[in-house]
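Scope of the values below: all heavy atoms of this structure, side chains included, with no hydrogens, waters or symmetry mates. Proteins get letters first, then strands, A, B, ... in listed order; numbering begins at 1 in each. Quick caveat, the model's predicted, so the values are computed rather than measured.
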2 protein chains.
Amino acid sequence: MNQSNNLIEDLVDALRCMPGIGKKSARRIAYHLLERDREGARHLAGRLTAAMDQIGHCQQCRMLTEKTICDFCSQERRDPTLLCVVETPADVYAMNEAGYKGRFFVLMGHLSPLDGIGPEELGLDQLATLLDSGEVEEVILATNLTVEGETTAHFISEMVRARDIRTTRIAYGVPYGGELEYIDSSTLTHALNGRRDFT
Amino acid sequence: MNQSNNLIEDLVDALRCMPGIGKKSARRIAYHLLERDREGARHLAGRLTAAMDQIGHCQQCRMLTEKTICDFCSQERRDPTLLCVVETPADVYAMNEAGYKGRFFVLMGHLSPLDGIGPEELGLDQLATLLDSGEVEEVILATNLTVEGETTAHFISEMVRARDIRTTRIAYGVPYGGELEYIDSSTLTHALNGRRDFT
């Protein structure tokens, strides 16, 4: 039956471009929209098209934005001496919500030679230009605490040190609210090694 | 920052029209599409618009379709003496996959007087016309085994009996692969009452 009921099946297939949406969820979503929220679905179609056509990357920090320079870069009140390097746009929001007040640089990924992602793909020449501008006094490496994130952080730290700029890495440790009993041992080892004087 | 980064936030909000997609998933989906699958997103936008504009209801069984009469109704090889009444289009696919070979009637919901859903909203006059055509010899009530589904099945069974047509209800019982230990007691009671001679 499936191939003849074209438009519904096409929609179900198209919905699967979204991460985490399998065949069953896609079908449930398609029926929900068709039965209960056609207006919402039409609105979504419009927003999708507008976003895909108009959103590009900030020429300074590579953040996703529809402008030439993104809002984070153009905000006067952000500290230009601090530069936080993150992997994804979602990380920018996460750091911003955590109270970070400096500038950002978004790699849009991490080094992954097997997938053909090298320094060029991560815009590291753009980062070099930024560092050479002389404004930045500290680069905070906030890539993920994964093998790939660590490798990327190492690579960038070399670049930064060559320019005599301070490099820091966000702290490893026990997450806030974490109970030691349930924390994996590598995290605990790092938490122990990174211990600080109690104040 | 959110309100100025308009197109991304608009997209995130628009994505939430889908059931099961909250703010976090919507943001993850938006970034994924923007970073990795703009073509997929544009395709989805097109499919959404086409589906919402062109898909209506089958004039015979109320199934979602872009045609006047849906594929299930127009298939010659389906047994016209059997009519299976279900709540949603998803149920049609489920019954079809389970090997059911007759016709369908889709209520697009269940009786729910408090939400203003009565016999008219479920298209029961259309069902009556179908029953009066004289072709149907058995109506299988396959509404959900919930309070609302049961009420709806009861209501329809009266309609069908008044026309001297056989009515049946799909069986209650232990699901295939079910372990008795984990089955709730009402299901077990029904399974016990519905026991059959072992062959």
J.: Looking at B:Glu39, B:His43, B:Glu35, which makes the most heavy-atom pairs under 4.5 Å with chain A?
T.: B:Glu35

J.: Kindly give the heavy-atom pair with the smallest separation between B:Arg16 and B:Ala26, and that separation in Å.
T.: CG-CB, 3.8 Å

J.: Which pair of heavy atoms, one from A:Pro89 and one from A:Val106, lies closest together, and at what distance?
T.: N-CG1, 3.8 Å

J.: Could you have a look at B:Asp37, B:Leu11, B:Thr88, B:Thr49 and say which one has the most heavy-atom pairs with chain A under 4.5 angstrom?
T.: B:Leu11

J.: Based on non-hydrogen pairs under 4.5 Å, which of A:Leu15, A:Ile55, A:Ile21 is most in contact with chain B?
T.: A:Ile55

J.: For residues A:Val160 and A:Met95: do they belong to one hydrophobic cluster (side chain heavy atoms under 4.5 Å, members Ile, Leu, Val, Met, Phe, Trp, Tyr)?
T.: no

J.: Side chain, backbone, both or neither: which part of A:Asp13 has an atom under 4.5 Å from a heavy atom of chain B?
T.: neither

J.: Which atom names give the shortest non-hydrogen contact between B:Cys73 and B:Arg103, and what distance separates them?
T.: O-CZ, 3.6 Å

J.: Does the pair A:Glu9/A:Arg27 count as a salt bridge with the N-to-O cut at 4.0 Å?
T.: yes

J.: Do the non-hydrogen side-chain atoms of B:Leu122 and B:Phe155 ever get within less than 4.5 Å of each other?
T.: no

J.: What residue, out of A:Pro19, A:Ala41, A:Ala90, has the most heavy-atom pairs lying under 4.5 Å from chain B?
T.: A:Pro19

J.: I'd like to know which of B:Met108, B:Gln54, B:Arg42 tops the heavy-atom pair count under 4.5 Å against chain A.
T.: B:Arg42

J.: B:Ala51, B:Gly56, B:Ala30: which one forms the most heavy-atom pairs within less than 4.5 Å of chain A?
T.: B:Ala51

